[in-house]
Amino acid sequence: MAFVLYEQKEAVGIITINRPEALNALNSAVLDELNAVIDGVDLATVRCLVLTGAGEKSFVAGADIGEMSSLTKAEGEAFGKKGNDVFRKLETLPVPVIAAVNGFALGGGCELSMSCDIRICSDNAVFGQPEVGLGITPGFGGTQRLARLVGAGMAKQLIYTARNIKADEALRIGLVNAVYPQEELLAQAEKMAAGIAKNAPIAVRNCKKAINDGLDASMDEAIVIEEKLFGDCFETHDQVEGMTAFLEKRKEKNFTNN
Ligand code: CO8
């Protein structure tokens with residue numbers, strides 16, 4: 001693939017958006033490749049993904065403005081759907097995804113990071129939804145996910161003003177979980193991913209589903225979602241293994257993803 005690189009290191013898969021000459025902006029070809037890379041992830045062996053951008057300047061500087069500039073209404077909707085479908089696939093993938101935001105995360109780049117489970121960033125990261133300055137709305141889920149992550153008031157302020165924010169402010173408002181020096185970011189993301197990968201994969205998967213599905217439901221419905229996913233764990237080898245290891249005072253656990 002030309003625009004999206006993929007590498008698997010033990011149980012961690014690393015996806016890199018690789019179009020640094022355009023600050024990793026998302027055109028149709030990048031979105032198609034990202035979709036194909038996600039489809040190709042070996043879910044039997046990969047237990048966590050890291051998503052980052054090539055180069056030291058940008059995670060993703062948005063959807064490709066050149067490509068969007070001449071779209072019709074129908075083409076605009078179709079382009080929005082193309083991005084939304086890929087981002088939703090990432091969001092609902094059975095394994096967690098950590099966005100390692102290594103620079104600009106603007107427009108579609110901020111939206112891509114928000115479709116990941118966890119965001120960490122470098123100290124030079126810049127987040128923002130500049131769309132209204134371009135005469136459009138956020139179109140890859142930004143109006144929805146930003147409001148869910150940082151609250152409606154803060155999301156509205158950021159989206160209506162189109163103001164970019166730096167890493168420290170992104171940390172303060174809860175858009176990212178941690179900020180690292182640029183040169184440490186990927187190692188920190190891989191370390192977090194490896195820590196996740198050590199745990200029982202079906203339990204981690206069920207936690208992701210419980211949190212995601214529960215956030216879209218009422219509390220009464222959400223706790224039922226959790227009950228069912230909790231109950232499902234008791235049909236797994238890894239529940240027996242995890243609890244037996246505790247009772248035997250054994251640190252090593254042989255989780256088999258079964
Ligand atoms: N699209 C296309 N090309 C881009 C983009 C982009 N979003 N961002 C940067 N580039 C290109 C530049 O055109 C430039 O190319 P060239 O060298 O050929 O001129 C190259 O990347 C380097 O960029 P700059 O020279 O501008 O680098 P600077 O360091 O001076 O500036 C910035 C960096 C501040 C990030 C600047 O490039 C910028 O403002 N980029 C645009 C950011 C932006 O507005 N992003 C949001 C786009 S809208 C969006 O994402 C909507 C998503 C939903 C779509 C739904 C569709 C229906």
Side-chain angles (χ1 to χ4, degrees), residues 1-5 15-35 38 51-91 97 99-116 119 121-150 154-170 175-176 179 182 185:
M1 302 242 180
F3 294 131
V4 183
L5 309 177
I15 300 175
T16 305
I17 309 293
N18 182 40
R19 199 188 167 211
E21 67 281 4
L23 302 184
N24 303 320
L26 303 170
N27 60 17
S28 297
V30 178
L31 289 171
D32 285 339
E33 287 194 17
L34 180 57
N35 190 45
I38 297 168
L51 175 65
T52 194
E56 297 189 340
K57 197 169 164 184
S58 183
F59 173 69
V60 166
D64 191 297
I65 298 172
E67 183 174 332
M68 283 188 297
S69 60
S70 57
L71 296 184
T72 62
K73 173 176 155 61
E75 289 165 344
E77 264 185 47
F79 190 54
K81 177 165 170 33
K82 184 190 261 291
N84 275 333
D85 286 351
V86 182
F87 289 16
R88 187 71 179 140
K89 187 178 277 188
L90 202 59
E91 187 170 47
V97 186
V101 178
N102 56 317
F104 292 113
L106 301 176
C110 186
E111 292 169 308
L112 178 58
S113 79
M114 292 190 293
S115 69
C116 299
R119 283 151 299 287
C121 74
S122 54
D123 45 13
N124 67 332
V126 176
F127 293 82
Q129 298 290 162
E131 285 88 347
V132 294
L134 294 162
I136 57 173
T137 66
F140 290 161
T143 56
Q144 303 310 307
R145 293 194 181 93
L146 190 59
R148 283 165 170 76
L149 279 169
V150 303
M154 182 59 77
K156 285 176 175 175
Q157 183 180 338
L158 289 172
I159 290 172
Y160 300 167
T161 61
R163 186 172 68 88
N164 291 344
I165 58 170
K166 293 184 179 166
D168 56 346
E169 191 170 352
L175 184 54
V176 299
V179 181
Q182 165 92 353
L185 177 68

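Both counts, for ligands and for their atoms, begin at 1 and track the order of listing. Atoms considered below: every heavy atom in the structure, side chains included; atoms not considered: hydrogens, waters and symmetry mates.
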Protein heavy atom at shortest distance from atom 24 (P) of ligand 1: L23 CD1, 4.5 Å

For atom 4 (C) of ligand 1, the protein heavy atom that lies nearest, with its residue and separation: A22 O, 3.9 Å

Spacing of C121 atom SG and L175 atom CG [to the nearest 0.5 Å]: 8.5 Å

For atom 8 (N) of ligand 1, the option (of S69, G76, A61) bearing the nearest heavy atom: A61

Atoms of ligand 1, numbered as shown, that sit under 4.0 Å from any heavy atom of M68: 48 (S), 54 (C), 56 (C)

Protein non-hydrogen atom below 4.0 angstrom of atom 49 (C) of ligand 1 present: yes

Residue pair E169, R163: steps toward the salt bridge (charged side-chain N to carboxylate O under 4.0 Å, His left out) verdict: CA-CA 12 Å; E169 191 170 352; R163 186 172 68 88; 2.8 Å; yes

Non-hydrogen atom of E77 closer than 4.0 Å to ligand 1: no

Rounded distance [0.5 Å steps], CD in E33 versus CG in N18: 9.0 Å

4.0 Å protein heavy-atom contact status of atom 21 (O) of ligand 1, strictly under: yes

Shortest protein contact, atom 39 (O) of ligand 1 (heavy atom only): L106 CD1, 4.7 Å

Interatomic distance, S28 atom OG to K82 atom NZ [nearest 0.5 angstrom]: 5.0 Å

Nitrogen or oxygen atoms of G139 and ligand 1 under 3.5 Å apart: no

Ligand 1 contact by G83, heavy-atom criterion under 4.0 angstrom: no

Closest approach of any protein heavy atom to atom 1 (N) of ligand 1, naming residue and atom: I65 N, 3.0 Å

E75 atom CD, neighbour heavy-atom count above 12 within 6.0 Å: yes

Verdict with supporting geometry, E77 and K73, salt bridge (charged side-chain N to carboxylate O under 4.0 Å, His left out): CA-CA 6 Å; E77 264 185 47; K73 173 176 155 61; 3.7 Å; yes

Enumerated ligand 1 atoms positioned under 4.0 Å from heavy atoms of P130: 43 (C), 44 (O), 45 (N), 46 (C)

Location of contacts on A63 toward ligand 1, heavy atoms closer than 4.0 Å: both

Trace of the salt bridge (charged side-chain N to carboxylate O under 4.0 Å, His left out) decision for R88 with E91: CA-CA 5 Å; R88 187 71 179 140; E91 187 170 47; 2.7 Å; yes

Exercise check, heavy-atom protein proximity under 4.0 Å to atom 37 (O) of ligand 1: yes

Atom of P138, atom of E111 and distance for their closest heavy-atom approach: CB-OE2, 3.3 Å

Atom 26 (O) of ligand 1 protein-contacted (non-hydrogen atom, under 4.0 angstrom): no

Protein heavy atom at shortest distance from atom 5 (C) of ligand 1: A25 CB, 3.9 Å

Protein contact of atom 56 (C) of ligand 1 - nearest heavy atom, named by residue and atom, plus distance: F79 CD2, 3.4 Å

Nearest-0.5 Å distance, OG of residue S115 to CG of residue L90: 4.5 Å

Side chain, backbone, both or neither: L134 near ligand 1, heavy atoms under 4.0 Å: side chain

Of L158, N164, L106, V176, the residue whose pairing with F127 passes side chain to side chain contact (heavy atoms under 4.5 Å, CB included): V176

Ligand 1 N/O within reach of G80 N/O, cut-off under 3.5 Å: no

Over all atoms of both residues, closest heavy-atom pair of L26 and F79: O-CZ, 3.8 Å

Check against salt bridge (charged side-chain N to carboxylate O under 4.0 Å, His left out), D85 and K89: CA-CA 6 Å; D85 286 351; K89 187 178 277 188; over 6 Å; no

Atoms of ligand 1, numbered as shown, that sit under 4.0 Å from any heavy atom of D64: 1 (N), 2 (C)

Proximal ligand 1 atoms for G107, defined as those under 4.0 Å from one of its heavy atoms: 46 (C), 50 (O)

Region of F140 that comes within reach of ligand 1 [heavy atoms, distance under 4.0 Å]: both

Which residue and heavy atom of the protein sit nearest atom 52 (C) of ligand 1, plus the separation: E111 OE1, 3.4 Å

Donor-acceptor pair between S122 and Q182 side chains, under 3.5 angstrom: yes

Nearest-contact summary for atom 29 (O) of ligand 1 - protein heavy atom, Å: K57 NZ, 2.6 Å

Atom 10 (N) of ligand 1 protein-contacted, heavy-atom criterion under 4.0 angstrom: yes

L134 CG to M68 CE distance, which is reported to the nearest 0.5 Å: 6.5 Å

Within-shell test, E21 vs ligand 1, heavy atom, strictly < 4.0 Å: yes

Straight-line distance of L23 CG to D64 CG, nearest 0.5 Å: 11.0 Å

